[in-house]
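The structure appears below as structure tokens.
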Amino acid sequence: MATSSQSSVELGSHEVKDYICNACEDKTNVEKSADFYCKQCERFYCGNCIDPHGNALAKHTTFGRVEIDKWPVSKKVVDFLQTCDVHKDHTIDKFCNLHEQLCCPKCVSDQHSQCSKLTPINELTNTQPTYLQGLSVELETVLGEIKNLQISQEASVKSLQGTYKEHGALMIEQMRGNLNTNIDECGNSSVGTSGKSEQYLKEEMSRSVVSIVNEFDNITAKELNEMKDEVISIKGSVTSSIPKCISLHNDLSQFHKIVQKIGDHKQLCLIASIKCKHIIQQALTLLGKSGKALNVQSITKHNVRIPIDSDECWITGICVLTDGQVLIADWENERFKLLNQQYKVVSHWDVNARPVDICLITPSEVAAAVDTFNKHEVQFITVNQGKLVPGRKFQLQHRCTGIAHHYGDLFVTSGKELYKYTLNGKQLCRLYQDRSGDYTVWKCAVSPTGDRLYITNWDQHNLLTLARDGTLLATYTDSALHVPSGLHVTPAGQVLVCGYWSYTVLQVGWEGESKLATLATERHGVRWPRSVCYSSTTSSIIVGQYRNNNILVFRVE
């Protein structure tokens, strides 16, 4: 077979080179891109070398790049497919059925020596279908989705910058309003007064203006610094995932070309299909479309009541920080509590109102929803050296029953509507509403890529899946989901939802159309679950309940 290589395209950590001119390589040992392939010679030629070849061998059949589909598989591609991804100096020769992994001799000796079934690749080719055509279509689909995700992430970065500038402008406008109000009041008070009184009023006005300006300086510096830190942190999170998109897009693109190229070579087809599936699975996980069902390994419970609590705990919201600490909202005792990685309460902050939900904003900051009959607000809280520190807040003109965040966008439910806000409290739009009951839009969650929103309908006992623009995509109903309450989406896109009256915790597929697993029931200690959250640090699901001092922790894999 003719040898060839490909320049400047990386496939994972491998460099797969394009076809090079064999004649140039023979004569000068220089790699020059090939433009033609001779079927009889099984050699490649550049534009300069094809003429001497044609003069000497006029009857040979040659194909240019416009007919590249008739060229053979590049030797570099063959080498790439047959080389072990872990041990670069070894060739794949077996498949582990238990771990569904391609193995070289080094893999077998290091990790798979105890595995019950290791099948030689040459034997597997006769029994294992490859479905390359289907894989090609799937690769095209995932390629498009990865590209859309990258575009969306880049748009999020621009939006975050706009939010920060807008917040500064809004605060300046508020100061102007306060100043104008103060001046108008002083002006009205000065009507009909003596000169001495006018002088007094002018001095009073001056003192008031100075006070407003000083207060503005103090508040502005604090709030703008908070927002600046948020924007920098969120922007860093977004931009760090963009290279992953680019890398996966490159890998998927190259595999798409390889799949279309290797033809009927059974062994290469089999290896390519297995490697393709692994790459596609990585992409689906990044896209938040993991179809993996979680499996509970162990269950523990942890008491989160503290001596100053006046009543049993009622945990309506749970949020896990990136360092593994856990923040919970205790509705009954009107306080937020910080738990360490052993789920012990190490700090608390009283709000003198009903905390209903929490969502992560940055690695050390959350947005908390607080709701009473006369107060509806979003309060930002930072975790600093094991302490809860309240930051800025903004008022809502409607009730608040749930809150979620995605790259600078806040999603807030009112019981009947789902709204979208910026981090500075500006309402952007109402995405969805259902006024057929009082609790039709209860809790909300957002997919890792932000293209799907989930809401629980307490009244009609179902889970709704919406598109980014609020369009209803799916409705899921299950007898085990009676009065759905707590809701959460893992980084891999696994949807967790609690059945309040059915005493269950379910995992629903990312499409929102089917149940993947019943993770916990009453026999596991679940009674009236109100909140749920997944911890990547400990691979655990944390469940909070109604009038119960214990949170439940389910270790999963």
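Numbers here simply count residues along the sequence, with the first being 1.
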Quiz item: Between Cys103 and Val108, what is the shortest heavy-atom contact and its length?
Solution: CB-CG2, 4.0 Å

Quiz prompt | Distance (rounded to the nearest 0.5 Å) between Trp458 CH2 and Lys443 NZ | solution = 9.0 Å

Quiz item: Is the number of heavy atoms from other residues, nucleotides or ligands within 6.0 Å of NZ (Lys515) greater than 12?
Solution: yes

Quiz item: What closest approach, in Å, do Thr322 and Thr537 show between heavy atoms, and which atom pair accounts for it?
Solution: O-OG1, 3.6 Å

Quiz item: Of all heavy-atom pairs between Pro491 and Tyr534, which one has the smallest distance, and what is that distance?
Solution: CD-CD2, 3.9 Å

Practice problem: Validate the cation-pi geometry between Lys32 and Phe44: distance from NZ or CZ to the six-membered ring centre under 6.0 Å, angle to the ring axis within 45°. | Solution: no

Quiz item: Looking at side-chain heavy atoms only, is the closest gap between Val366 and Leu321 below 4.5 Å?
Solution: yes

Quiz item: Any side-chain heavy atom of Leu431 within less than 4.5 Å of one from Leu466?
Solution: no

All N/O donor-acceptor pairs, side-chain side in residues 467-478, below 3.5 Å, sequence neighbours left out:
residue	atom	partner	partner atom	Å
Arg468	NH1	Gly450	O	3.3
Asp469	OD1	Thr471	N	3.0
Asp469	OD1	Thr471	OG1	2.8
Asp469	OD2	Thr471	OG1	3.3
Tyr476	OH	Asp478	OD2	2.4
Asp478	OD1	Ala480	N	2.7

Practice problem: Could you tell me which non-hydrogen atom of Asn462 sits nearest to which non-hydrogen atom of Pro484, and how far apart they are? | Solution: O-CG, 3.6 Å

Practice problem: Please assess Leu270 against Gln267 for the test side chain to side chain contact (heavy atoms under 4.5 Å, CB included), listing each intermediate value before the final yes or no. | Solution: CA-CA 5 Å; Leu270 177 64; Gln267 187 165 313; 5.8 Å; no

Practice problem: Could you walk me through whether Leu453 and Leu464 pass side chain to side chain contact (heavy atoms under 4.5 Å, CB included), step by step? | Solution: CA-CA 8 Å; Leu453 299 160; Leu464 306 181; over 6 Å; no

Quiz item: Are the side chain of Ser447 and the backbone N or O of Gly288 linked by a donor-acceptor pair below 3.5 Å?
Solution: no

Quiz item: Any luck finding a side-chain donor-acceptor pair between Arg452 and Tyr454 under 3.5 Å?
Solution: yes

Practice problem: Check the side chains of Gln427 and Tyr419 for a donor-acceptor pair under 3.5 angstrom, ignoring hydrogens and angles. | Solution: no

Practice problem: Check the pair Cys276, Leu139 against side chain to side chain contact (heavy atoms under 4.5 Å, CB included), reporting the backbone distance first and the verdict last. | Solution: CA-CA 8 Å; Cys276 263; Leu139 281 166; 3.8 Å; yes

Quiz item: Going by distance alone, is a donor N or O of one side chain under 3.5 Å from an acceptor N or O of the other, for Glu513 and Thr465?
Solution: no

Practice problem: Evaluate the side-chain proximity of Val142 to Leu287: yes if any heavy-atom separation is below 4.5 Å, no if none is. | Solution: yes

Quiz item: So, the side chain of Gln507 versus the backbone of Leu294: is there a donor-acceptor pair under 3.5 Å, distance only?
Solution: yes

Quiz prompt | Leu118 side, atom CG; Ile121 side, atom CD1 - distance, nearest 0.5 Å | solution = 10.5 Å

Exercise. Would you mind reporting whether Leu496 and Val489 have side-chain heavy atoms less than 4.5 Å apart?
Key: no

Quiz item: What's the verdict on side chain to side chain contact (heavy atoms under 4.5 Å, CB included) for Glu365 and Leu360, showing C-alpha distance, side-chain angles and the deciding distance?
Solution: CA-CA 6 Å; Glu365 184 190 39; Leu360 193 67; over 6 Å; no

Quiz item: Where does the angle between the aromatic ring planes of His99 and His112 fall among parallel (under 30°), tilted (30 to 60°) and perpendicular (over 60°)?
Solution: perpendicular

Exercise. Report the distance from atom CG of Leu410 to atom CG of Leu423, rounding to the nearest 0.5 Å.
Key: 5.0 Å

Quiz item: Distance from Leu252 atom CG to Leu143 atom CG, nearest 0.5 Å?
Solution: 5.0 Å

Self-check item: Side chain proximity check, Thr285 to Gln281, heavy atoms < 4.5 angstrom
Solution: yes

Quiz prompt | Phe63 and Trp71: CA distance, side-chain angles, deciding distance, ring-ring contact (aromatic ring centres under 6.0 Å, His included) verdict | solution = CA-CA 7 Å; Phe63 302 103; Trp71 293 20; 8.8 Å; no

Self-check item: Arg555 side-chain N/O to Thr538 backbone N/O, donor-acceptor pair under 3.5 Å
Solution: yes

Quiz item: How far apart are the closest heavy atoms of Ile92 and Thr83, and which atoms are they?
Solution: CD1-O, 3.7 Å

Practice problem: Specify the closest pair of heavy atoms between Ile318 and Val543, including all atoms of both residues, with the distance to one decimal. | Solution: CD1-C, 3.9 Å

Quiz item: What distance do His405 atom NE2 and Cys444 atom SG have between them, rounded to the nearest 0.5 Å?
Solution: 12.0 Å

Practice problem: Report the C-alpha separation of Lys275 and Asp85 in whole Å, then their side-chain angles, then the decisive distance to 0.1 Å, and conclude whether the salt bridge (charged side-chain N to carboxylate O under 4.0 Å, His left out) test is met. | Solution: CA-CA 9 Å; Lys275 287 192 172 186; Asp85 290 338; 3.2 Å; yes

Exercise. Look at the side chain of Thr440 and the backbone N and O of Ser436, then say whether any donor-acceptor pair between them is shorter than 3.5 Å.
Key: no

Practice problem: Evaluate salt bridge (charged side-chain N to carboxylate O under 4.0 Å, His left out) for Asp79 paired with Lys88, printing each intermediate quantity in order. | Solution: CA-CA 10 Å; Asp79 291 343; Lys88 310 302 182 184; over 6 Å; no

Self-check item: Check: Asn457 side chain, Val441 main-chain N or O, donor-acceptor pair, under 3.5 Å
Solution: no

Quiz item: So do the side chains of Ile542 and Val320 get within less than 4.5 Å of each other, counting heavy atoms only?
Solution: yes

Quiz item: With Lys426, which residues qualify under salt bridge (Lys or Arg N to Asp or Glu O under 4.0 Å), at least two apart?
Solution: Glu166

Practice problem: Please check if the side chain of Thr413 supplies one atom and the backbone of Gly402 the other of a donor-acceptor pair under 3.5 Å. | Solution: yes

Exercise. Taking the side chain as every heavy atom from C-beta outward, state whether Cys41 and Leu57 have any atom pair closer than 4.5 Å.
Key: yes

Quiz item: Going by atom types only, do Glu417 and Ser414 share a side-chain donor-acceptor pair under 3.5 Å?
Solution: yes

Quiz item: Where the side chain of Gln494 meets the backbone of Val508, is there a donor-acceptor pair that is under 3.5 Å apart?
Solution: no

Quiz item: Are the side chain of His90 and the backbone of Pro105 linked by a donor-acceptor contact shorter than 3.5 Å?
Solution: no

Practice problem: Could you check if a side-chain atom of Gln433 sits within less than 4.5 angstrom of a side-chain atom of Lys416, using non-hydrogen atoms only? | Solution: no

Quiz item: Among Glu138, Glu145, Glu511, which residue meets the salt bridge (charged side-chain N to carboxylate O under 4.0 Å, His left out) test with Lys289?
Solution: Glu145

Quiz item: Is a side-chain donor or acceptor of Ser539 paired with a backbone partner of Ser535 at a separation under 3.5 angstrom?
Solution: no

Quiz item: Would you say the side-chain atoms of Ser33 and Arg65 include a donor-acceptor pair closer than 3.5 Å?
Solution: yes

Practice problem: Decide if atom CD of Gln40 counts as having more than 12 heavy atoms of other residues, nucleotides or ligands within a radius under 6.0 Å. | Solution: yes

Quiz prompt | Sidechain-backbone polar pair: Asp357 side chain, Ile403 backbone, donor-acceptor under 3.5 Å | solution = yes

Quiz prompt | From OG (Ser116) to CG (Asn97), nearest 0.5 Å | solution = 7.5 Å

Quiz item: Glu100 and Lys277: salt bridge (charged side-chain N to carboxylate O under 4.0 Å, His left out), yes or no, with the steps?
Solution: CA-CA 11 Å; Glu100 296 184 345; Lys277 288 172 184 175; over 6 Å; no

